[in-house]
Amino acid sequence: MLSVMNSLALVFALTLAQAPANNQGQIVPLQKVESGVSAKETSVKEDGAEAASADVHESAESFDLNEVINHHLGDVRLRDFYIMGYNFPITKRVAMMWVAMTLLLVILIPAARSISRNAAKRPGRFTSMIEVFVTFIRQDVGENTMGHHSRSYEPFLLTLFFFILFCNLIGLIPPMGEIAVKAGELFGYQFHLEPGDIPLPLKIWSGITPTGDLSVTATLAITSFFIIQISGLVYQGIAYIKNIVPAGIPWIMWPILWPIEVLGQFTKPFALAIRLLANMTAGHMIILVFLGFIFQFQQLAIIPLSISISVAIYLLEIFVALLQAYIFVFLTALFIAGSQHRH
Amino acid sequence: MPLLAEGSFNLLSVDPGLVFWTVVTFTLVLLVLWRYAWKPIIEALDARNDKIEGDLKKSEDLRKEAEDLLKSYSDKIDSAKHEVNGMLEKARKDAEDLRNKILQTAQEDATIVKDRSKNDIEQAKVKAIREIQELSVDISLKLLGNVLNQDVNDEEHRKIVLRELEKLKSSN
């Protein structure tokens, strides 16, 4: 199943990467969306008459990796959303986050139902997979770091893990919206849109990675930060502020160490945010770069190399998606455990 | 196209709108999953763990009980074997004794019978010898009378002959 998705993703990455290269005047709505940066588009349009007679090599020069990366990794505003006069626009990432949320609810709630309905029974294949993850987070992440204190943090850790995992993984599934639009075009259906608007399927499933943006990872890291600090204050009381400095340090060192330790409290979530962001972006970028080679060099010989490396990176990304979700949650649990007791 | 003009990618830019929606979405997911997923799953898993633990304990107890039972049964069997062996031994000994006793009695009886018959034979022999003696005395007296032509059937003669016979016998 994954390999099928993988090949689909590659095919679509290829077709999309090609889009800026074959702009020869006839612009379908999708391509309008893609090359939404109007300056680029108009320049292609102006060149249209000359470009019509241009050879392949010249059109190859119009390939722009930056634009491809922008298209695949950049956020796009889909709709404005005003709350008390402030605009909180719904973007591609927000939409994909909601896709992740929907999947989480649709998968986990029925699983919970079926697990709790016959708790004594032997779990099925689907429920036991969920159980494996839940047990792993509870025992190897929670109890391993916090001991019996982990019980009250379990819902938070589980939600954090599954939320990040799903956000990571849906970024690996090919953009269903794009597939829908392409399929529609294939059967002669054109989306009638206002200029600059985006077809609905693309709005729903753009295939962007929600965790590939600092806003998302930083928000999650800040949530972890608050949980860590609050649990420190709850477990140690006001002494927590003093106990940030490890025990056994001579008093003379405190004026230096206390500010360092306080700073450390902020670098931890910062590292969490950057680690997740970088991991979820780097793989995508490498894939785009290697597939970009095909359009950059326009050589047949490069195709097997580009595709095989992209496939390898894609497979690695599946592992990284799991690993980063685990690392984020494990470190959060570790920091919570660290804040509970002086060490 | 003002909506699309922002489709650019900057790795380190923070979009307040995205932060807002992340907070909203994550909180929503946390609350809904907490109530409808984690709570039932954790309860079910804990219940199952407790049940498995209880079952294990129970089976351990049952095993111990069965072992005890087995031990008591094997003890019983051992003691029964012991008893049976004792009984067999006793029976064999009894039989041996009885045999010996019967044999002894039989032997004694046989000895008695033998002795008695020996006695009888001896008596019969003695009696027969005496009868022979008497008869021979009578015959010899009769013969003597015939020879002497006188009656020697006298009691006196008779005694003499018998005395002579006794002498003869003792000299033998």
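So that the names make sense, note that chain A is the first sequence line, chain B the second, and so on, each numbered from 1.
- Within a 6.0 Å sphere centred on CD of B:Glu53, other residues, nucleotides and ligands contribute 12 heavy atoms or fewer.
- The CZ atom of B:Arg35 sits 10.0 Å away from atom CD1 of A:Ile109, with the distance rounded to the nearest 0.5 Å.
- Across B:Leu12, B:Leu30, B:Leu33, the residue that shares the most heavy-atom pairs under 4.5 angstrom with chain A is B:Leu30.
- Only the backbone of B:Ser13 comes within less than 4.5 Å of a heavy atom in chain A; its side chain stays farther off.
- Residue contact with chain B, scored on non-hydrogen atoms closer than 4.5 Å, involves the backbone and the side chain of A:Leu160 alike.
- Your options are A:Trp98, A:Phe88, A:Tyr86, and the one with the most heavy-atom pairs under 4.5 Å with chain B is A:Phe88.
- For A:Ser215, the parts sitting under 4.5 Å from any heavy atom of chain B are the backbone and the side chain alike.
- The two residues B:Ala44 and A:Ser116 make their nearest non-hydrogen contact at CB-CA, 3.7 Å.
- Neither the backbone nor the side chain of A:Asn66 comes within contact range of chain B; no heavy atom of the residue lies under 4.5 Å from a heavy atom of that chain.
- In terms of heavy-atom pairs under 4.5 Å with chain A, the best-connected choice from B:Val24, B:Thr25, B:Val14, B:Val23 is B:Thr25.
- When the heavy atoms of residues 74-92 of chain B are compared with those of chain A, none of the residues falls under 4.5 Å.
- Residue contact with chain B, scored on non-hydrogen atoms closer than 4.5 Å, involves the backbone and the side chain of A:Val94 alike.
- Options B:Ile52, B:Val32, B:Thr27, B:Val29 differ in how many heavy-atom pairs under 4.5 Å they form with chain A, and the most are formed by B:Val29.
- For A:Thr127, no part sits under 4.5 Å from any heavy atom of chain B, backbone or side chain.
- Within a 6.0 Å radius of CZ in A:Arg275, more than 12 heavy atoms belonging to other residues, nucleotides or ligands are found.
- Proximity to chain B involves both the backbone and the side chain of A:Phe156, based on heavy atoms less than 4.5 angstrom apart.
- In terms of heavy-atom proximity, A:Pro89 sits nearest to B:Gly17 at CD-CA, 4.2 Å.
- With a threshold of 4.5 angstrom between heavy atoms, B:Pro16 approaches chain A through N, CA, C or O but not through any side-chain atom.
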Notebook entry, point to check: Hey, mind stepping through B:Asp15 and A:Arg77 against salt bridge (charged side-chain N to carboxylate O under 4.0 Å, His left out) and telling me if it holds?
Noted result: CA-CA 11 Å; B:Asp15 173 14; A:Arg77 185 178 294 196; 6.0 Å; no

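- Using a 4.5 Å cut-off between heavy atoms, A:Leu104 touches chain B through backbone and side chain atoms alike.
- Within the 4.5 Å cutoff, the side chain of A:Ile90 has heavy atoms near those of the B:Trp21 side chain.
- Contacts with chain B were tallied for A:Lys92, A:Glu131, A:Glu154; A:Glu131 has the most, counting heavy-atom pairs under 4.5 Å.
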Check: Can you list the steps and then say if A:Leu158 with B:Ile42 is a side-chain contact (heavy atoms from CB on, under 4.5 Å)?
Finding: CA-CA 11 Å; A:Leu158 284 165; B:Ile42 287 170; 4.1 Å; yes

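- The contact between B:Leu28 and chain A is made entirely by side chain atoms (from C-beta outward), counting heavy-atom distances below 4.5 Å.
- Between the side chains of B:Trp38 and A:Thr159, at least one donor-acceptor pair of N or O atoms lies under 3.5 Å.
- Counted within 6.0 Å of CZ on A:Phe270, heavy atoms from surrounding residues, nucleotides or ligands total 12 or fewer; the atom is thus considered open.
- For chain B, the option among A:Ile274, A:Leu277, A:Ile69, A:Ile222 with the highest count of heavy-atom pairs below 4.5 Å is A:Leu277.
- Counting heavy-atom pairs closer than 4.5 Å to chain A, the top-ranked of the candidates B:Tyr36, B:Phe26, B:Trp34 is B:Phe26.
- Taken from CZ in A:Arg151 to CG in B:Asp46, the straight-line distance is 4.5 Å, to the nearest 0.5 Å.
- No more than 12 heavy-atom neighbours from other residues, nucleotides or ligands sit within 6.0 angstrom of CZ on A:Phe226.
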